[in-house]
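Sequence lines set the chain letters: A, B, ... in the order given, protein chains first and strands last, and positions in each chain run from 1.
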Protein chains: 2
Amino acid sequence: MTDKTITNNSGVLLNKLEDGFEVVMNGETLIKHTIASPMLFAGYGEESIEMYRGNFDIKDYVIERTPLRYTELSDSSGAIKIKCSNALGGEAWITISITLEGDRMKLAFDDYKPAINRVWVRLEADKHEKVFGCGEQLSHFNLRGKHFPLWTSEPGVGRNKNTYTTWQADVHDKAGGDYYTTNYPQPTFVSSKKYFCHVETTAYADFDFRQEQFHELQVWDVPRFILIESAPSYMELVQKITDVFGRQPELPDWTYNGIWLGIQGGTEVVESKLNHVLDKGLKVGGVWCQDWQGKRITSFGKRLMWNWKWNPQEYPGLDQKLKQWKQQGIRFLGYINPYVAVEGDLFQTAKEQHYLAHDKQGEIYLVDFGEFYCGVVDFTNPDACEWYKSVIKDHLIDFGLDGWMADFGEYLPTDVELHNGVSAKIMHNAWPVLWAKINYEAVSEAGKLGDIVYFMRAGYSGIQKYCTLLWAGDQSVDWSMDDGLASVIPAALSSGMVGNGLHHSDIGGYTSLHGNKRSKELFMRWAEMSAFTPVMRTHEGNRPDDCWQFDSDDDTLEHLIRMTDIYVKLAPYTKQLVKLNAQKGIPLQRPLFMHYETDESCYETQYQYLYGPDLLVSPVYLDGQTNWNVYLPEDEWVHLWSGETYGGGEKVSVSAPLGCPPVFYRTQSEFAPLFKAITELFKK
Amino acid sequence: MTDKTITNNSGVLLNKLEDGFEVVMNGETLIKHTIASPMLFAGYGEESIEMYRGNFDIKDYVIERTPLRYTELSDSSGAIKIKCSNALGGEAWITISITLEGDRMKLAFDDYKPAINRVWVRLEADKHEKVFGCGEQLSHFNLRGKHFPLWTSEPGVGRNKNTYTTWQADVHDKAGGDYYTTNYPQPTFVSSKKYFCHVETTAYADFDFRQEQFHELQVWDVPRFILIESAPSYMELVQKITDVFGRQPELPDWTYNGIWLGIQGGTEVVESKLNHVLDKGLKVGGVWCQDWQGKRITSFGKRLMWNWKWNPQEYPGLDQKLKQWKQQGIRFLGYINPYVAVEGDLFQTAKEQHYLAHDKQGEIYLVDFGEFYCGVVDFTNPDACEWYKSVIKDHLIDFGLDGWMADFGEYLPTDVELHNGVSAKIMHNAWPVLWAKINYEAVSEAGKLGDIVYFMRAGYSGIQKYCTLLWAGDQSVDWSMDDGLASVIPAALSSGMVGNGLHHSDIGGYTSLHGNKRSKELFMRWAEMSAFTPVMRTHEGNRPDDCWQFDSDDDTLEHLIRMTDIYVKLAPYTKQLVKLNAQKGIPLQRPLFMHYETDESCYETQYQYLYGPDLLVSPVYLDGQTNWNVYLPEDEWVHLWSGETYGGGEKVSVSAPLGCPPVFYRTQSEFAPLFKAITELFKK
């Protein structure tokens, strides 16, 4: 063995040290292990995990946490093996096998003491470093200074223990959540040192970015491997990330026909509302009817029937009507999720075929979804997967749906017994991707990929490939930073940093509880933001009567027509971005630093984004605003509504009345003529 | 070495095992150590401790927690030495030295690796075992099923995250607290296996009673030693505990003259109120005037001046007036605490004499007490202690005070620099006892022990000897279980179990915040309970105008006169109990199981108590009650108000109108004639 034991062209070095080793990439030390300061700790813990309607109370009792200070390096058929022990000359607790796959470094945990169920890995950090990603994070884009439990769950109502909404949600439903609760966690982060690190595991993890000198990645299992790769730019880094996790297909052209209107109430109501808005001039790409399969009323609000078939009582004539709409250029979208309600015939079939997961006693496990119960289709059973794909093909695709919300995926109870025999604690985080994959395969096998769009809120490593569109989950219908309009922006940026380029949200938010009611202004500001995302879609909310709707008054509808017109006008630009995302995984909504790497201010800005390289969007996320402060990186920017030019490198204040969200375009953009045409058409 | 390496007459055995050892007392295995299941873990952690006005936010980052599986036993001059290591034949991390002192087993941690700052010790437990003590615990008497951080602090406002009061207190002042927050923690517990265990340390500790198989005692330091001792009965056990920690002197006779009235507002107001109630027939033992040294108004409510001298502007002629009152049998009590406000001359003196603690920069450390600032008199400096004793002697005792609230002691900031050079993290928990000792020595040296009574809320191991009377701290003026009337009962029982036999509380509670206002009914129910405690004392509350007072109407005063008359009538019985407490440390307020050991129901009863062996008290702690359910152990009981006799062994429902709190006496009591006389005099 030489001192430098592994190296490659992309500047990766594994150096042996006197009492340890180090990994250097592009001159940055990413791992440094010595006896005094080891990079690896292992041990044993006993967790308690309690679920109440998708909200988890998770506690850990760490019985042992031992530093594995002592390492022994050896060459072994192209890999470097590192035996890690707790005592000098002691037995190996964990053996890490380091290899290079192209530019990517892989640390595989091949061999370990079976009793180990807690591993802590430290990576070198420095004071000024920032960290992004970890799936879809709604409160913080730069994750430094906090730790992030990574466990798919309900996102929480309020998500901030200081707010009344959160406290009420906690007291009544254990549902308040916190800054880290998310439908889509992922043990993958991007550092401002321009590397990404991915930990391959589906166990509960907690990534801790609070320490100045190191990041500490905790996993409640021995991870299969860790991947680390660096790149000269963030764009290339995201490309490399999506080399690993896959990329989303392009959106179909029909998307750009206009907004997707969330309407419920049956064929007649939908048709009447649709005709009304079409008459007024709203461009509609689709109608999205959650209740196409029936609905029920609970204390939470309107809920669905959860038996995934057209409900002809609720939607008479829909089979013909959707063809007619399609000819008008308006697609019909529905709803499905991975659970089947006990009252339905799908539950019966699944029960008879043994497709449902069991409890410890061998009985079918029923999950409480809030005043009704469902079976869990066991996606670790290949036959169950094939059956559920056939449900999607037969009842959704063949019926004529061109899209749907593929909801949920976060509720796998940890005490369920699964077909593959793996602990549900390990499968819990895997579930959203299994669910996405079923949708993906059903659509692919039907030859409809690129024409059908399903959108999901739940995710985990690999969702990048299998989900055609993310949505930001259930925001509260308010202005709160952690759970309102604002929270959607870091959600788009963080999920984009790990390779989910297509993101959107419920216009106006969803959750109306504990006195929260959606206001007209909130609906309008949200619509303004959505015009600068890949898809515009409305939602009635859980309590439609407490929520301002697109047709609540003429003013609102006119505003929505305006914003949708802009969305449609932008299509040539958007399509190009969507294509690039499909090819390289570069997200549509990008942090400012992705294009202005050397501008420190760009790293601190989590409530603005670049929509592609040429549009800077700074949504108004507070109520009662007529002006808005925007940070512009150094460049030449034109304010979309006034046509005024700015040099950037500072904060500017612009007029931001309703209908004119703060948006700027680069004069150097090849799309400048398109943007200029918008200025001409839509200036107020 | 033999197999049984230590033994004594009281049934203590230390047995050597094949791969460890065990300690057996009276046939119960209390410690069992094997390689597979070690009793000792050690390691290293980095804590963060933030204080805001006496409320602490404490977090720990445990870097290493290593089981010390491997032990080596040896005899060494009367002690058994146990070397504990993390690896077979490895260096000793900790050496425990076990000795017997009489019936008491002492495990001393003589020798250890200096890097260790976290120790976890396991004691054997069984499913049915109950655990009590840990100082003064306000939410739980049986501690099993929860863990108890042991750190003296404000008790919290609300103390239950599900209540609005707690949430508001948290959001506005970080002050909500939780079930374990207390002014008086102590790392000492009593098991229903009839042993006590005391850990000698003042570091932060956390005793975890959640596990079925073991108790785990965590200390953020290497403890000096652990004491374990068993006894055939709980009474003897408490006696043994007070052999270790000391006992309270008897209360002076003047206490039994009547109630202590908390009044503020200056000589004239006090005199006028006093004369009014005396005219009405209230028996008064003392007037307690917090503001004898002046007051200030803050947003919290009325606060005091914190310069510990008679304020003749506020209390003109008090020097003469208190002599006159004393001749009437009414003593005058004041107030002091261990901090000096920056505006006062005591601060100036302390500053000049270098008696105040410093910050890291060598400046005087000023603590925020809520809109005003104080210096911390450094009780690790013997000269500062002498000076503060002289303040008490000169300005309190010589002035003529016969008692005072010796408030606070919980606010030592952990980043203060102390005269003795010991970390404030270690001294924080020691502070209440240092403060108590100053009071004790001042009073003793003045020859006034047994005549002067000072009462404290803060405590720690050793407070038993140095504090003449506990009070339960600042309850909310409400019916909440965790912070209202009810919470005082487990507080009395738990502190009594570790040797504090004299306990009382503010009649009506203290804290009126976030909409809480003291009702007439609450005041009256609280007074009823207080009649069956060693001292009756009222408090105006932090916001007197929001609190019902003893003189708010005639009805209340008549009720208070009645309850005080009963208290005075009980004096012969109470005095005997107080004497026994001074001699043997047997508390006045006792859990039912102390006298009915074999009755399982008595262990589940934390809101009733025996007042001495002969009175069973079951305070009405809910509003709007006219009847009350009481559990009576098997015996012959007489209902104090109706004279009706009950056999016990079951729950009975009794009429409990205002003025007739559920109280029963034993027919076998030597005081039965006294109790019967009360029945005759006070029946309604």
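Between B/Asn162 atom CG and A/Asp170 atom CG the span is 8.5 Å, to the nearest 0.5 Å. Rounded to the nearest 0.5 angstrom, B/Gln168 CD and A/Tyr164 OH are separated by 9.5 Å. Rounded to the nearest 0.5 angstrom, B/Asn86 CG and A/Glu64 CD are separated by 9.5 Å.
More than 12 heavy atoms of other shown residues, nucleotides or ligands fall within 6.0 angstrom of atom CD in B/Glu371. The number of heavy-atom neighbours closer than 6.0 Å to NZ of A/Lys127, taken from other residues, nucleotides and ligands shown, is 12 or below. Annotation for B/Lys161: atom NZ counts as buried by contact number, over 12 foreign heavy atoms lying within 6.0 Å. The number of heavy-atom neighbours closer than 6.0 Å to NZ of B/Lys130, taken from other residues, nucleotides and ligands shown, is above 12.
Ring-plane geometry between A/Trp167 and B/Trp167 is classed as parallel, the angle between the planes falling under 30 degrees on a 0 to 90 degree scale with a further cut at 60.
With hydrogens and angles disregarded, no donor-acceptor distance shorter than 3.5 Å links the side chain of A/Arg65 to the backbone of B/Thr66.
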Task: Intermediate values then yes/no, side chain to side chain contact (heavy atoms under 4.5 Å, CB included), A/Tyr61 and B/Glu216 - done: CA-CA 11 Å; A/Tyr61 170 35; B/Glu216 190 170 277; 2.5 Å; yes

